[in-house]
Amino acid sequence: MLLIRRYSRLPYNAALSLTKVFYMATQVHDCDICIVGNGAVGKAAALGLAQSGLRVVLLCHSALATPVSDHWDVRVFALNHVAQRLLASLKVWDALNMQRVAQVTEMRVKGGVATGDGQLDFDAYGARSQELAWIIEDRNLNQALDSAIKFSQNLEVVTGIATDLDSGAESAGLTLDNGSVIRASLIVGADGAQSWVRGQCDIGMDYRSYHQKGVVTNFECTKPHHGIARQWFVEEQGIIALLPLPGNRVSLVWSAPDALADELMREPLSALVARLETYCLDDLGHLTPVLPEDIKAFPLRLIRPHSMVADRVALIGDAAHAVHPLAGHGMNLGFGDVASLIELIKTREDHRDCGDRRLLERYRRSRKEDVLLMQVTTDCLARVFGSDLAPVRLVRNLGLNLLDRLPVIKNKLISHAMGSK
Ligand SMILES: Cc1cc2nc3c(=O)[nH]c(=O)nc-3n(C[C@H](O)[C@H](O)[C@H](O)COP(=O)(O)OP(=O)(O)OC[C@H]3O[C@@H](n4cnc5c(N)ncnc54)[C@H](O)[C@@H]3O)c2cc1C
């Protein structure tokens, strides 16, 4: 009204529109938890926390709209049982298009392809499970998450760019570029490896580039893959993984040194096929690109923030830890963060709010072991298998063969990777 009076020389309707614009620009969103970032990890956290009865705001750069397409997405994830249990509890698992999900029933790892002398096999039978993992397209996963979000109560999706983060004893707040404000008891940074939230909290981190890129694309093969995920450590050429997709399709993740990755991206896919067939022709037959020239590359790095929490702030997913994809576990770790955060918030004492310092400390402790184990394991494997030194090669190939003959230890390892209880 004040504004209308101020613009009293304008026609009434124009003054009313101006008031609306002003109101929208300075909108205040009050909630219990604000999640910043709409990757799969952020969306899962928003859903789970809203389903626990908390008022949640999901802050995204742009509206949620995962593109619809029948093409096979070159971005796929191997999800383990931790991820599956979380997605099932959020009612997202049943919303996936299961015709496009492949089960991994066996894993074959070969080290020292040049010398051909290191091999390690895991199978679901040995791990007393029907499957070791599921291969899911990014688009399939995000579409299922988007539709669950659309029908979720207590969950508001806000689009905008946060320009300021402020946290105090009673609450935390975000100011957006349009002047709107989000007030919450807890802010969750789910904004990926380059996390803006982490930067605002002055959380230091260790950063190391692997000087590699993950090159991804899909192929049809002439022989059935039998649900086997295949991986080759090929010394100076990096690590090649061919993951099963439904039908006779496989998805490539080639963690290649930067120069080689750039070459793979430049040359036609037929040249990439020729390179790959030297490794897999016996098992998979001839490869044909599923979609000509559909190929992407992602820089690979280790990001180890010094803490996963700050005052009224928690980090999840790649914002909290980015690891080498050789074990296919970054997203699984992120879903582990989500499961843990939801559980701790749901079971907190009545006198604690969602951003309570002790609660956040519990969250930090609950994730410490899993995250550290994955960071150290993937980092060591990436270094050891990237080494050209003959003694290192010998020891690691002997190690693979030795581990292959120790079923008890091997099955313990695979159960841990699967996230079995
Ligand atoms: C080649 C490759 C293969 C992989 N394979 C696997 C696998 O098989 N299994 C597995 O578990 N993991 C795998 N990973 C790891 C996995 O991709 C990541 O761990 C996972 O995508 C992280 O999800 P996230 O939601 O935390 O981050 P992201 O997917 O990076 O999402 C972050 C989101 O936040 C948004 N955002 C950023 N800044 C802001 C801001 N300031 N405000 C609002 N929004 C913001 C971004 O737009 C984005 O949507 C692989 C990774 C690579 C590179």
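Just so you know, ligand 1 is whichever comes first in the structure, and atom 1 is the first atom listed for that ligand.
Proximity to G317 (heavy-atom distance under 4.0 Å) selects the following atoms of ligand 1: 26 (O). Applying the 4.0 Å criterion to heavy atoms of G328 picks out, from ligand 1, the atoms 7 (C), 8 (O), 9 (N), 10 (C), 11 (O). Distances below 4.0 Å separate heavy atoms of G330 from the following atoms of ligand 1: 10 (C), 11 (O), 12 (N), 15 (C), 19 (O). With ligand atoms numbered from 1 in the order given, ligand 1 contributes 32 (C), 33 (C), 34 (O) to contacts under 4.0 Å with heavy atoms of A190. Close contacts between ligand 1 and A40 involve ligand atoms 25 (O) [criterion: under 4.0 Å to a heavy atom].
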- side chain to side chain contact (heavy atoms under 4.5 Å, CB included) evaluation trace for Q84 with E131: CA-CA 12 Å; Q84 192 276 338; E131 62 291 292; over 6 Å; no
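Among protein heavy atoms, the minimum distance from atom 38 (N) of ligand 1 is reached at D191 CB, 3.5 Å. The single protein non-hydrogen atom nearest to atom 19 (O) of ligand 1 is D318 OD1, 2.7 Å, given as residue, atom name and distance. Ranking the protein heavy atoms by distance from atom 6 (C) of ligand 1 puts F77 CD2, 3.8 Å first.
Ranked by closest heavy atom to atom 5 (N) of ligand 1, the top entry among I35, V76, V215, N38 is V76. For atom 28 (P) of ligand 1, the candidate residues are G192, A45, G42; the nearest heavy-atom contact is made by G192. The option from H329, H321, M331, R75 that lies nearest to atom 17 (O) of ligand 1, judged by heavy atoms, is R75.
With a 6.0 Å cutoff to the six-membered ring centre and a 45° limit on the axis angle, R75 counts as a cation-pi contact of F298.
Ring-plane geometry between Y279 and W254 is classed as perpendicular, the angle between the planes exceeding 60 degrees on a 0 to 90 degree scale with a lower cut at 30. Relative ring orientation between H324 and Y210 is described as perpendicular, the plane-to-plane angle rising above 60° on a 0-90° scale split at 30° and 60°.
Between W196 and ligand 1, no N or O atom pair is found at a separation short of 3.5 Å. For ligand 1, the polar-atom distance check against F298 finds no nitrogen or oxygen pair separated by under 3.5 Å.
A donor-acceptor pair under 3.5 Å links the side-chain atoms of D191 to the main chain of V197, judged by distance alone. Side-chain atoms of T222 come within 3.5 Å of backbone atoms of H286 as a donor-acceptor pair (strictly under, hydrogens ignored).
Salt-bridge annotation for K43 and D146: present, with a side-chain N of the basic residue lying under 4.0 Å from a carboxylate O of the acidic one. Using a cut-off of 4.0 Å between Lys/Arg side-chain N and Asp/Glu carboxylate O, R362 and E349 are scored as salt-bridged.
In A78, the parts holding a heavy atom less than 4.0 Å from any atom of ligand 1 are both the side chain and the backbone.
Residues satisfying the salt bridge (Lys or Arg N to Asp or Glu O under 4.0 Å) test with R139, not counting sequence neighbours, are none.
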